[in-house]
Amino acid sequence: AQSVTQLGSHVSVSEGALVLLRCNYSSSVPPYLFWYVQYPNQGLQLLLKYTSAATLVKGINGFEAEFKKSETSFHLTKPSAHMSDAAEYFCAVTPYSGAGSYQLTFGKGTKLSVIP
Amino acid sequence: KAGVTQTPRYLIKTRGQQVTLSCSPISGHRSVSWYQQTPGQGLQFLFEYFSETQRNKGNFPGRFSGRQFSNSRSEMNVSTLELGDSALYLCASSPAGGSPYEQYFGPGTRLTVT
């Protein structure tokens, strides 16, 4: 079984400041990890994914995340926040089974506010 | 390529009724998954279809069902609606043979049960 914990349901940063959104996972098998973003009244957009290649993953809109197996973490960062980054962010995990199962387990989400 | 489309976008139903939601995946995608999003429970997996077969199922009662057609379009049905079924229902599609487990989400159908 797998699970995801996102620390902090709300995070506020000033425009231009570092964004750090925390995600810890639990998985009994090697995981695939994802970050999605959701803007109001919209679906989820994939920001980046970890699929057992490079541990530092770069995504869209300047976001990146680092997979740390020893800490079971996959924190999302962006060096400089922009007003357009205000949204809800979800970390998700799926176990690598090789069987083509596409079930994602999501964290509860973190709402990011950017203060001008 | 057009993205994942879901119809209708908004729906209001009464307790006890049934509802059918539709999802058209990205052209060429053969896997379609459904998720329920509520403020209390967050995002929860309902089921996944691949080549017209249900391949995976989440922990939801039998009132929730789905199917997939030969053109990969999918529908989900909820019978005997309850107030707690009010949620945003998201559909996601994945390419067969593409990047593993990468899912593309539609805008969702907002279901309100009164």
Side-chain angles (χ1 to χ4, degrees), chain A residues 1-10 23 25 27 29-54 57-60 67 74 87-111, chain B residues 3-7 9-10 21 23-26 29-51 53-60 68 72 74 87-110:
Chain A
Q2 59 275 352
S3 65
V4 174
T5 302
Q6 290 184 239
L7 291 175
S9 57
H10 288 86
C23 171
Y25 70 91
S27 179
V29 297
Y32 280 39
L33 293 155
F34 305 83
W35 276 98
Y36 282 88
V37 61
Q38 186 177 35
Y39 297 98
N41 298 316
Q42 294 188 26
L44 302 175
Q45 180 183 10
L46 179 68
L47 278 177
L48 49 80
K49 63 180 181 182
Y50 166 76
T51 57
S52 75
V57 181
K58 294 189 183 300
I60 62 172
F67 172 72
F74 190 57
E88 190 159 19
Y89 292 79
F90 294 91
C91 182
V93 64
T94 191
Y96 174 69
S97 68
S101 173
Y102 291 89
Q103 177 177 349
L104 288 171
T105 299
F106 285 90
K108 293 290 188 184
T110 297
K111 276 191 181 165
Chain B
V4 177
T5 57
Q6 293 187 245
T7 56
R9 290 293 311 277
Y10 300 91
L21 312 181
C23 171
S24 292
I26 293 172
H29 287 195
R30 292 167 61 192
S31 168
V32 174
S33 298
W34 289 89
Y35 293 83
Q36 182 195 64
Q37 185 178 23
T38 60
Q41 299 298 317
L43 281 151
Q44 294 184 286
F45 172 77
L46 281 156
F47 28 66
E48 185 234 348
Y49 287 86
F50 181 81
S51 292
T53 301
Q54 187 181 89
R55 187 160 63 173
N56 207 346
K57 188 178 189 306
N59 189 25
F60 277 82
Q68 186 180 34
S72 293
S74 177
L88 180 67
Y89 290 89
L90 292 164
C91 164
S93 74
S94 292
S99 298
Y101 311 98
E102 189 164 317
Q103 298 191 27
Y104 298 84
F105 283 80
T109 293
R110 173 78 60 187

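Every heavy atom of this structure was used, including side-chain atoms; hydrogens, water molecules and symmetry mates were not. Proteins get letters first, then strands, A, B, ... in listed order; numbering begins at 1 in each.
For a residue to count as touching a neighbouring chain, one of its non-hydrogen atoms must lie under 4.5 Å from one of that chain's; by this rule A/Gln38 touches chain B with the side chain only. For B/Leu46, no part sits under 4.5 Å from any heavy atom of chain A, backbone or side chain.
Taking the side chain as every heavy atom from C-beta outward, A/Phe106 and B/Tyr35 approach each other to under 4.5 Å.
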**Prompt:** Run the side chain to side chain contact (heavy atoms under 4.5 Å, CB included) check on A/Thr105 and B/Leu43 step by step: do they pass?
**Reply:** CA-CA 8 Å; A/Thr105 299; B/Leu43 281 151; over 6 Å; no
- [ ] Any chance you could lay out the side chain to side chain contact (heavy atoms under 4.5 Å, CB included) test for B/Gln103 and A/Leu46, step after step, and finish with the verdict?
- [x] CA-CA 8 Å; B/Gln103 298 191 27; A/Leu46 179 68; over 6 Å; no
Handout entry: Check against side chain to side chain contact (heavy atoms under 4.5 Å, CB included), A/Phe90 and B/Gln37
Key = CA-CA 12 Å; A/Phe90 294 91; B/Gln37 185 178 23; 3.4 Å; yes
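To the nearest 0.5 Å, the span separating CD on A/Gln103 from CZ on B/Phe47 amounts to 12.5 Å. Atom CG of A/Asn41 sits about 6.5 Å away from atom CZ of B/Arg110, to the nearest 0.5 Å. The structure places CG of A/Leu104 at 10.0 Å from CD of B/Glu48, a figure rounded to the nearest 0.5 Å.
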